[in-house]
Protein chains: 2
Amino acid sequence: MARITGSSGERTAAAIRQAALRLIHEQGFAAMNLRELAAAVGISPASLYNHMTTKQSLLFDLMLEHMTALLEQTDAALAAAGPEPLARLEAFIGHHVLYHLERKREVYIANFELRALNPANAMQIVGMRHEYEARLIGLLKDAAAAGLLRLGDARITAFAMLAMLTGVCTWYRPDGRLSPAELVALHTRLALEGVLRRD
Amino acid sequence: MARITGSSGERTAAAIRQAALRLIHEQGFAAMNLRELAAAVGISPASLYNHMTTKQSLLFDLMLEHMTALLEQTDAALAAAGPEPLARLEAFIGHHVLYHLERKREVYIANFELRALNPANAMQIVGMRHEYEARLIGLLKDAAAAGLLRLGDARITAFAMLAMLTGVCTWYRPDGRLSPAELVALHTRLALEGVLRRD
DNA sequence: CTCCTAAACGAACATATGTTCGTTTTCAGG
DNA sequence: CCTGAAAACGAACATATGTTCGTTTAGGAG
């Protein structure tokens, strides 16, 4: 056969990314095979290679797009939050939760398929993740310097907070009991105040 | 060739489990192939089947052993903690962190390779995980009923706490800067009191 | 209208991979 | 000491899988 009536490179490429997100999220990168991906898009396995160079690069592109968006949007949220340390911290938390609710598949893949990347690609993604973690560590240190936090260890505290806030990806469903806003509020309070009553 | 001098079924089976833990943790279940596993143990691929029925059952056995131990040890820790709600909650947290530091590979596998299990096996492991989550939800509700906690939503709070406490698995190394006891203390305070100063 | 490139296809290749089979040899129980 | 089960092996099978190749046709630039 040959080129299909109405076929468009841009549309097909987007469809491949969407289907790949779903399949990798469901089965994992190693378990997803390109024949199944091609079938999900509605093209032949060979046609995939008109839109990507290798399976590895497909994964890397997905991760890179996600990390770039995460860093950009975070900086935008912080810029909008103004200079007050606590407001900035809350802005970070709020954005993190909302982003992770919206793009749970991307996040899940970026977090758990790092080992599927080749060393060079992995290094780049890990670098961007470190940059993201550095944002939170900086915010914590600023707030602590302003006397607002009791901080045991900024780095470990940041890791623990990120783990908690990222946890929403594992169980959230859009049709769930709690709204995104409610989840933001709940996680913000948990991170800042814990569960203990304050009397 | 044939049976090796000094070979023992029990020892080989244990070596397979250990090597499988390492390889699955490093590469993921789907990416680990049995030839590499056999080489790590020092036997031929065919010999693996003297100690397991299928690759799938190997994964399931690892997960089942871990979940069983986790539930048993948790109950033991709670029994030792006595009746006071806050003491019980702290005992749960402390045990969870210590267990996850000690057995980070098992935990990682049980958490992130669920999708590699066939439906029947997955159901059993998910059931045990729900049981574990129910322990924490119960502790939170007890403490809240005693007026000790300010609880937005017991279920979501439990998920968030577990995500935070389980996070240690992703970055902990035995030769790291902080001792297990310090990590327990830090995470306990984070979970109970958050980061905000109390004045 | 013409022509080059983009985008698709079927077919095949080379390799990887879970698993089975028949065989051999050690070890432990009678 | 004998014998049967346990534990190992090499070899092979059947299938799955990432990728390439040559070909075909639609669509847009000139």
Side-chain angles (χ1 to χ4, degrees), chain A residues 1-24 26-63 109 113 115-118 120-121, chain B residues 1-24 26-63 109 113 115-118 120-121:
Chain A
M1 227 182 279
R3 184 166 180 175
I4 290 313
T5 304
S7 68
S8 148
E10 201 40 60
R11 244 183 305 143
T12 305
I16 290 175
R17 284 196 299 273
Q18 284 308 306
L21 279 178
R22 182 173 62 80
L23 289 173
I24 298 175
E26 283 172 9
Q27 315 178 5
F29 178 71
M32 175 199 71
N33 68 73
L34 295 183
R35 281 166 179 78
E36 191 176 0
L37 175 61
V41 179
I43 60 179
S44 77
S47 295
L48 289 174
Y49 286 83
N50 285 321
H51 307 279
M52 65 188 215
T53 60
T54 61
K55 189 190 181 192
Q56 164 81 201
S57 79
L58 170 64
L59 176 62
F60 177 65
D61 289 347
L62 290 175
M63 287 198 192
I109 292 170
E113 296 292 358
R115 57 189 172 189
L117 289 179
N118 67 38
N121 288 343
Chain B
M1 224 181 280
R3 182 166 181 175
I4 291 312
T5 306
S7 69
S8 149
E10 200 41 59
R11 244 181 306 141
T12 304
I16 292 175
R17 284 195 298 272
Q18 284 308 305
L21 279 178
R22 182 173 62 78
L23 290 173
I24 297 175
E26 284 172 10
Q27 317 178 2
F29 177 71
M32 175 200 69
N33 68 72
L34 295 184
R35 281 166 179 79
E36 190 176 1
L37 175 60
V41 177
I43 61 180
S44 76
S47 296
L48 289 173
Y49 286 83
N50 285 322
H51 307 280
M52 64 189 217
T53 59
T54 61
K55 191 190 180 192
Q56 164 82 199
S57 78
L58 170 64
L59 176 63
F60 178 66
D61 288 348
L62 289 175
M63 288 198 192
I109 292 170
E113 295 292 359
R115 55 189 172 189
L117 290 178
N118 67 38
N121 287 343

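Bear in mind that the values here come from a model prediction, so they are computed numbers and not experimental data. Scope of the values below: all heavy atoms of this structure, side chains included, with no hydrogens, waters or symmetry mates.
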With sugar-phosphate meaning primed atoms plus P, OP1 and OP2, does Met32(B) contact a base, only sugar-phosphate, or nothing at under 4.0 Å between heavy atoms?
sugar-phosphate
Here the salt bridge (charged side-chain N to carboxylate O under 4.0 Å, His left out) pairs for residues 26-48 of chain B, sequence neighbours left out, are Arg22(B)-Glu26(B)
Nearest heavy-atom contact between Ala19(B) and Ala40(B) is CB-CB, 4.1 Å
Could you walk me through whether Leu34(A) and Tyr49(A) pass side-chain contact (heavy atoms from CB on, under 4.5 Å), step by step?
CA-CA 10 Å; Leu34(A) 295 183; Tyr49(A) 286 83; 3.3 Å; yes
Atom OH of Tyr49(A) and atom C1' of dG10(C) are separated, to the nearest Å, by 16 Å
Rounded to whole Å, the NZ-P distance (Lys55(B) to dA16(D)) equals 15 Å
Between CG of Leu48(B) and C1' of dC9(D) the distance, given in whole Å, is 12 Å
Asn118(B) CG to dG18(C) C1', in whole Å, measures 15 Å
As a check of understanding: the bend across the helix from dC1(C)-dG30(D) to dG30(C)-dC1(D), end axes from five pairs, rounded to 10 degrees, works out to 20°
Sorted by chain and number, sequence neighbours left out, side-chain contact (heavy atoms from CB on, under 4.5 Å) with Ala31(B) holds for Ala30(A), Gln27(B)
Notebook entry, point to check: Do Leu58(B) and Leu48(B) come within less than 4.5 Å of each other through their side chains, counting heavy atoms only?
Noted result: no
Inset, instruction - Give a yes or no on whether the backbone of Asn33(B) and the side-chain of Lys55(B) come within a donor-acceptor separation of less than 3.5 Å. - result: no
Those residues at least two apart in sequence (or on a different chain) that pass side-chain contact (heavy atoms from CB on, under 4.5 Å) with Ala39(B) are none
Contacts of Ala31(A) and Thr53(A) projected onto DNA chain D by closest heavy atom; the upstream (5') one is Ala31(A)
To the nearest angstrom, the CZ-C1' distance between Arg11(B) and dA6(D) comes to 13 Å
Between CD of Glu10(A) and P of dG27(D) the distance, given in whole Å, is 17 Å
Given dA8(C), is OP1 or OP2 found less than 4.0 Å from the side-chain N or O atoms of Thr12(A)?
yes
* Look at all strands and tell whether Asn33(B) reaches a base, only sugar-phosphate, or nothing, counting heavy atoms closer than 4.0 Å. => sugar-phosphate
Can you tell me if Gln56(B) uses its side chain to pair, donor with acceptor, with the backbone of Ala116(B) under 3.5 Å? yes
Rounded to whole Å, the CG-C1' distance (Asn50(B) to dA6(D)) equals 7 Å
Ser57(A) meets the side chain to side chain donor-acceptor pair (under 3.5 Å) criterion, sequence neighbours left out, with Thr53(A)
Note: contacts of residues 34-47 of chain A with DNA chain D (heavy atom, under 4.0 Å) are Leu34(A), Arg35(A), Ala46(A)
From CG of Leu59(A) across to P of dG18(D) the rounded distance in Å is 13 Å
- prompt: Reckon His51(B) has a side-chain N or O less than 4.0 Å from the OP1 or OP2 of dA6(D)?
  reply: no
